[in-house]
Amino acid sequence: MQAEGVKPTTQTVLSRDGTPIACERRGQGHPLILVDGALCSRAMGPSGPLAKALEGDFTVFRYDRRGRGDSGDSGDTLPYAVEREVDDIEAVLRAAGGEAYVWGMSSGAMLALMAATRLPGITKLALYEAPLIVDDSRPATQGDWTTIRQAIADDRRGDAVGAFLKSVGMPGLLIAVMKLTPIWRKLKAVAHTLPYDGAIVAGDQLGKPLDPARWTSLGVPALVTDGGKSPLWMRHGNKALAQALPNARHQTLAGQNHMLKSAAHAPVLTAFFNGRD
């Protein structure tokens, strides 16, 4: 439910390199920034329903990552670098008043974690299903990301989307059905950003243990969650991430998977961010 008397507003913030980032603000309370995963934007993905479920407790900021939605062609300054996406979160953080909690999902979870290690204004961090492969419970993804990058270089956006969905475990029959639906055109429209997500996560999808030394500078409390119906490799990776972070707790949400349901997540996030977990 929308906080009484507070209507959603949109604005454009400028990242450090001058890239315009489209941002939406809704609700009332302590600022909370939501960071989407691959192929998602404000118009397509889980952050919209989640923001609505959280707006009664927080001032929720969600934004189009560079190259997507209203941070589209004019918001895709090249060459790409992961550090520029951290700068984008910094720009949203300034719009939030310089201090905020941050939540991220999938590749957005790893991006949020990178931001939290660099930006002192992030005071609490919640992560859902960072796509980490830390053992032999599934194959590594080097070849998949090579295929995706080549497809984008050849302007074969549909092939890139198909390769990505196959890599994350979507059955081939379901991919074939999706190609016949309107969503496929929307996915192809942001397919050029898939290599960006690859740059964020590919190094942690090699089947190797995580090195806790990477995150010794992270001083904020963190909640790392996964779904009870998600594959073992995903759950192994997130449990390992929680163990590697200096001040983190791991929680598996019963009955959930990578298709985020805001009704299941909002109470968990509200309790964590408000110190009631």
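What you see below is based on every heavy atom in this structure, not just the backbone, and it leaves out hydrogens, waters and symmetry mates.
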Main-chain N/O of A163 paired to S167 side chain as donor or acceptor, under 3.5 Å | no

Is a side-chain donor-acceptor pair under 3.5 Å present for E85 with Y80?
-> yes

Hey, is the main chain of R156 close enough, under 3.5 Å, to the side chain of D154 for a donor-acceptor pair?
-> no

Without swapping roles, check the side chain of H236 against the backbone of V134 for a donor-acceptor pair under 3.5 Å.
-> no

Nearest heavy-atom pair of T59 and G29: which atoms, and what distance?
-> OG1-O, 2.8 Å

Is the backbone of P8 close enough, under 3.5 Å, to the side chain of R26 for a donor and an acceptor to pair up by distance?
-> no

d(Q142 CD, L206 CG) to nearest 0.5 Å is 5.0 Å

So, S15 versus D88: side-chain donor-acceptor pair below 3.5 Å or not?
-> yes

Which atom pair, heavy atoms only, marks the closest approach of G108 to V35?
-> O-CG1, 3.6 Å

Judged by atom type as modelled, is there a donor-acceptor pair below 3.5 Å linking the side chain of R157 to the main-chain atoms of A189?
-> yes

Which heavy atom of Y128 sits nearest a heavy atom of N257, and at what distance?
-> OH-O, 2.6 Å

State whether the side chain of S71 and the backbone N or O of D64 hold a donor-acceptor pair below 3.5 Å, judged by distance alone.
-> yes

Would you call R68-D197 a salt bridge at under 4.0 Å N-O?
-> yes

Looking at L127, L125, L50, which one forms a side-chain contact (heavy atoms from CB on, under 4.5 Å) with W103?
-> L50

Shortest non-hydrogen contact from N238 to T225?
-> OD1-O, 3.7 Å

Main-chain N/O of I133 paired to R138 side chain as donor or acceptor, under 3.5 Å = no

For L180 and V177, what are the C-alpha separation, side-chain angles and deciding distance, and is it a side-chain contact (heavy atoms from CB on, under 4.5 Å)?
-> CA-CA 5 Å; L180 306 176; V177 171; 5.7 Å; no

Decide whether S230 and E129 meet the rule of one side-chain donor and one side-chain acceptor closer than 3.5 Å.
-> yes

Hey, are D70 and R42 close enough for a salt bridge, meaning a charged N less than 4.0 Å from a carboxylate O?
-> yes

Inspect the surroundings of CZ in R118 and state if more than 12 heavy atoms from other residues, nucleotides or ligands are less than 6.0 Å away.
-> yes

Identify which one of I33, V92, T9, T12 satisfies the side-chain contact (heavy atoms from CB on, under 4.5 Å) criterion when paired with C23.
-> V92

Can you find a pair of side-chain heavy atoms, one from L132 and one from L210, that are under 4.5 Å apart?
-> yes

Sidechain N-carboxylate O distance under 4.0 Å for D87, R66 = no

Charged N-O contact under 4.0 Å between R16 and E83 = no

Are F273 and H30 close enough that their ring centres sit under 6.0 Å apart?
-> no

Sub-4.5 Å side-chain heavy-atom contact between F58 and Q28 | no

For R214, what residues pass the salt bridge (charged side-chain N to carboxylate O under 4.0 Å, His left out) criterion, not counting sequence neighbours?
-> D204

Under a 4.5 Å cut-off applied to non-hydrogen side-chain atoms, are L34 and Y63 in contact?
-> no

Pair M105-L260, side-chain contact (heavy atoms from CB on, under 4.5 Å): steps then yes or no | CA-CA 9 Å; M105 175 181 174; L260 186 141; 3.8 Å; yes

Walk me through it: do N247 and L218 pass the test side-chain contact (heavy atoms from CB on, under 4.5 Å)?
-> CA-CA 8 Å; N247 186 17; L218 184 70; over 6 Å; no

Using modelled atom types only, decide if a donor and an acceptor are shared between the side chain of R94 and the backbone of L14 within a distance under 3.5 Å.
-> yes

Where do K179 and I175 land on the side-chain contact (heavy atoms from CB on, under 4.5 Å) test, with the steps shown first?
-> CA-CA 6 Å; K179 291 180 179 181; I175 296 174; 4.0 Å; yes

Have H258 and S106 got a donor and an acceptor in their side chains that come within less than 3.5 Å?
-> yes

All heavy atoms of P131 vs all of S107, minimum pair found to be CD-N, 3.7 Å

